**Q** 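Handing you this structure, nothing more for now.
The structure displayed is predicted, hence computed values, not measured ones.
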Amino acid sequence: MSPEQARGTPVDKRGDIWAFGCVLYEMVTGARAFKSDDVTDVIVAVISGEPDWQTLPATASGVRPLLARCLKKDPKQRLHAIGDARIQIEELLSGTSEDVAAVRAQATTRPRRVASVAIAG
């Protein structure tokens, strides 16, 4: 749930970009971006907290700017279209970046493998 959705304000496609950022964060780190045992605490974390950026592997440094743009609290500061994320991912994949190897190496469970194939495809 994006911060604007949690606040009950109007939502547009940038809420989906937030959700993409949360899924990508979990794929790279193996942990939820905003976690708690209580739904209310998760909503508070979404509205006012930040993901634990220290959880990102050092080899995923190229993915961090994309994640940061997807997970901006203010939707006006987020990516405006998911195609922009695809361009950034394709740029990472086209290089010899260690980020690609790190993401692929961490994709050990089926959902992560499916997501990696979807991103690379």
**Q** According to ring pair (Phe, Tyr, Trp, His ring centres under 6.0 Å), does anything in residues 58-84 pair up with another residue at least two apart or in another chain? List the pairs.
**A** none
**Q** Spell out, yes or no, whether Leu67 and Val23 are grouped together once hydrophobic residues are joined by side-chain heavy atoms under 4.5 Å, including indirect joins.
**A** yes
**Q** Determine yes or no for a side-chain-to-main-chain donor-acceptor pair under 3.5 angstrom, with Lys73 supplying the side chain and Ser2 the backbone.
**A** no
**Q** Is Asp74 salt-bridged to Lys72, going by a charged N under 4.0 Å from an acidic O?
**A** no
**Q** Side-chain contact test, heavy atoms from C-beta onward, threshold under 4.5 Å: evaluate it for Val46 versus Trp18 and give yes or no.
**A** yes
**Q** Taking all heavy atoms of Pro3 and all of Ile47, pick out the closest pair and write down the distance.
**A** O-CG1, 4.3 Å
**Q** Nearest heavy-atom pair of Ser61 and Pro65: which atoms, and what distance?
**A** O-CD, 3.3 Å
**Q** Apply side chain to side chain contact (heavy atoms under 4.5 Å, CB included) to Leu66 and Asp84, showing your working.
**A** CA-CA 9 Å; Leu66 174 60; Asp84 297 336; over 6 Å; no
**Q** If every non-hydrogen atom of Ile82 is compared with every non-hydrogen atom of Ile17, which pair is closest and at what distance?
**A** N-CD1, 3.8 Å
**Q** Side chain of Arg69, backbone of Gln77: donor and acceptor closer than 3.5 Å?
**A** yes
**Q** First locate atom CG of Leu93, then atom CD of Gln88, and finally report the distance between them rounded to the nearest 0.5 Å.
**A** 12.0 Å
**Q** Write down the atom of Val42, the atom of Phe34, and the distance for their closest heavy-atom approach.
**A** CG1-O, 3.9 Å
**Q** Within the structure provided, determine whether Leu71 and Pro51 are in side-chain contact (heavy-atom separation under 4.5 Å).
**A** yes
**Q** Specify the closest pair of heavy atoms between Lys13 and Ala81, including all atoms of both residues, with the distance to one decimal.
**A** NZ-CB, 4.4 Å
**Q** Mind listing the closest non-hydrogen atom pair of Asp41 and Ser36 along with its distance?
**A** CB-OG, 3.1 Å
**Q** Given the rule that I, L, V, M, F, W and Y join up when any side-chain heavy atoms are under 4.5 Å apart, are Leu92 and Leu56 in one cluster?
**A** yes
**Q** Take the angle between the ring planes of Trp53 and Tyr25 and call it parallel below 30°, perpendicular above 60°, tilted in between.
**A** perpendicular
**Q** Roughly how far apart are Arg78 CZ and Phe20 CZ, rounded to 0.5 Å?
**A** 13.5 Å
